[in-house]
Amino acid sequence: MKRSIFILLCCMLTSLFVTATDSGSAGGPVYIFSLDDEINGRAWRTTRRACDDAVARDARLVVVRMNTYGGALDAADSIRSALLALKIPTVAFVDHNAASAGALIALACDTVFMTPGSSMGAATVVNGSGEAMPDKYQSYMSSIMRTTAESHGKYIAEGDSVARWRRNPEIAARMVRGDSIVSFTSSEAVDAGYADAVVADLNDALERLGHKDSPVEEFEQTLSDEILGFLSDNAVRAILIMLILGGIYMEMHTPGLGFAAAVSVIAAILFFLPLFISGQPSSWVLLLFLAGVILVVLEIFVIPGFGVCGILGITAVIISLAASMMPSGGQWLDKTLMSQVIAPVLTVFAGILLSVGLVAWLTSRHGPKFIRRHSELMKSLDNSEGYIGVDMSPAAFVGNHAMTLTDMRPAGKIKIDSNVYDAVSTGDFIEAGSKVKIVKYENAQLYVEKAGI
């Protein structure tokens with residue numbers, strides 16, 4: 001009897017524990033975050049933080065509010081993977097547009113709602129000029145769309161014995177390539193099975209899902225998110241590259257280690273900061289950048305002038321900057337599209353042009369005086385400051401013959417045509433009236449030897 005009562009109590013406690021656990025899970029909020037701009041590294045950071053926050057808050061549903069014309073494929077693919085891996089049900093709420101990379105993200109969600117007049121599709125891969133890339137790049141994007149559609153599996157409709165794809169992979173592939181690229185209006189997307197319903201607004205969508213009275217929490221950007229997003233913008237990156245390269249070049253032509261080096265170092269830190277946080281750069285990229293910096297430092301402090309070491313250093317820095325912005329830290333050859341290579345290269349090229357313009361302005365008469373005063377590029381060697389110019393015209397006489405006007409002991413005077421010059425004998429003393437040959441011109445001095453020697 002006692003044993004039976006003990007077993008009954010254990011069952012009741014287990015039931016209460018399971019119920020409490022289930023109710024706690026069901027009591028989590030509906031978590032909402034927005035992708036309403038270009039799909040880029042900033043959007044990927046937003047998605048990653050939002051997903052982590054949703055898991056930490058034990059959210060019952062994650063809603064991605066979308067209004068985007070697309071963007072970078074590597075960022076979109078990372079967002080897609082994060083949504084597919086999320087154990088919480090996901091909903092794409094398309095408010096106006098989910099084009100290109102946005103269509104891929106919407107396709108990754110478990111449920112898709114669209115507002116009247118919104119559209120989705122047209123995921124063709126284009127370059128920076130908006131022109132379609134070659135077929136092999138379209139094929140890559142098409143395979144991602146197809147795989148994402150297949151991830152939702154098949155179902156058997158009531159009264160039907162045939163299993164059908166919930167999201168048709170063939171239609172997904174045609175969003176990228178085909179005789180006619182597929183783009184859906186909201187009603188067409190519902191008919192094709194790529195949207196579950198057309199809704200008036202987000203509240204309508206939540207009501208259809210049975211979450212009308214559920215608590216709602218929205219992801220909010222922090223100041224650090226805004227700063228990192230700002231630093232990840234390609235225009236800002238071009239400016240930072242300008243400061244890095246311009247600072248290096250100016251430092252190589254400025255005595256000591258000063259303001260230009262400080263600007264370059266700070267710009268490099270700001271450039272790599274978002275990449276470090278996202279874990280994007282590979283180790284070889286960072287090593288190449290450091291190697292370039294070391295070569296430049298050697299050029300400044302060890303090797304005089306501006307030669308091979310400096311050129312190799314600046315080249316290494318430029319390559320590392322471009323590679324750091326490419327997907328997987330530059331390991332993109334088999335993983336991404338040429339569009340993801342063009343953007344970093346164009347950004348670096350823009351930075352180089354800006355740095356050339358910056359150096360030209362700083363060293364011109366219109367630039368800041370304190371820069372010009374300390375730069376060798378604009379250093380004026382005036383006679384009033386003790387500088388003496390050396391006449392190099394006598395160097396043209398090397399190889400010619402002349403007559404000695406005085407004994408060369410070893411210095412003396414020689415006559416070339418009707419002009420008299422100081423000269424020095426390179427060997428024995430030479431008597432006046434002797435014919436000599438001019439052999440070299442060094443340190444503003446002609447050197448001669450007796451003709452015939």
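Salt-bridge formation is not detected for the pair R49/D53: no Lys NZ or Arg NE/NH1/NH2 atom is positioned less than 4.0 Å from an Asp or Glu carboxylate oxygen.
With T315 as the partner, the side chain to side chain contact (heavy atoms under 4.5 Å, CB included) test is satisfied by one option alone out of L312, I318, V317, I311: I311.
Contact annotation: the side chain of W165 approaches that of E150 to within less than 4.5 Å [non-hydrogen atoms, C-beta and beyond]. Contact check for R60 versus S214: side-chain heavy atoms found under the 4.5 Å cut-off. By the 4.5 Å heavy-atom criterion applied to side chains, D95 and M66 are not counted as neighbours.
Note that the CD1 atom of I39 and the OG1 atom of T46 stand 9.5 Å from one another [nearest 0.5 Å].
The minimum heavy-atom distance linking V199 with P116 is given by the pair O-CD, 3.1 Å. Residues L270 and P274 share a closest heavy-atom pair of O-CD, 3.3 Å.
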Worksheet item: Can L86 and V55 be said to form a side-chain contact (heavy atoms from CB on, under 4.5 Å), step by step?
Response: CA-CA 9 Å; L86 196 62; V55 171; 3.8 Å; yes

Worksheet item: Passes side-chain contact (heavy atoms from CB on, under 4.5 Å), S324 versus F271? Steps please.
Response: CA-CA 10 Å; S324 68; F271 180 88; 3.3 Å; yes

Item to complete: For M120 and Y194, run side-chain contact (heavy atoms from CB on, under 4.5 Å): C-alpha distance rounded to whole Å, both residues' side-chain angles, the deciding distance at 0.1 Å, then the answer.
Response: CA-CA 9 Å; M120 178 175 66; Y194 275 78; 3.7 Å; yes

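Without hydrogens or angle criteria, N97 side chain to A99 main chain gives no donor-acceptor distance under 3.5 Å.
For the side-chain hydrogen bond (donor to acceptor under 3.5 Å, both in side chains) test, residues two or more places apart in sequence or in another chain that qualify with T185 are S187, E188. Looking at residues two or more places apart in sequence or on another chain, you find a side-chain hydrogen bond (donor to acceptor under 3.5 Å, both in side chains) between R167 and D196. Looking at residues two or more places apart in sequence or on another chain, you find a side-chain contact (heavy atoms from CB on, under 4.5 Å) between L353 and F349. T148 is linked by a side-chain hydrogen bond (donor to acceptor under 3.5 Å, both in side chains) to R80, counting only residues two or more places apart in sequence or in another chain.
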Which atom pairs, one a donor and one an acceptor, fall under 3.5 Å between side chains of residues 101-115 and the rest of the protein, sequence neighbours left out?
unit_1, atom_1, unit_2, atom_2, d
D110, OD2, T90, N, 2.9
D110, OD2, T90, OG1, 3.3
T115, OG1, V94, O, 3.4

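For residues 28-40, no residue pair satisfies the salt bridge (charged side-chain N to carboxylate O under 4.0 Å, His left out) rule, not counting sequence neighbours.
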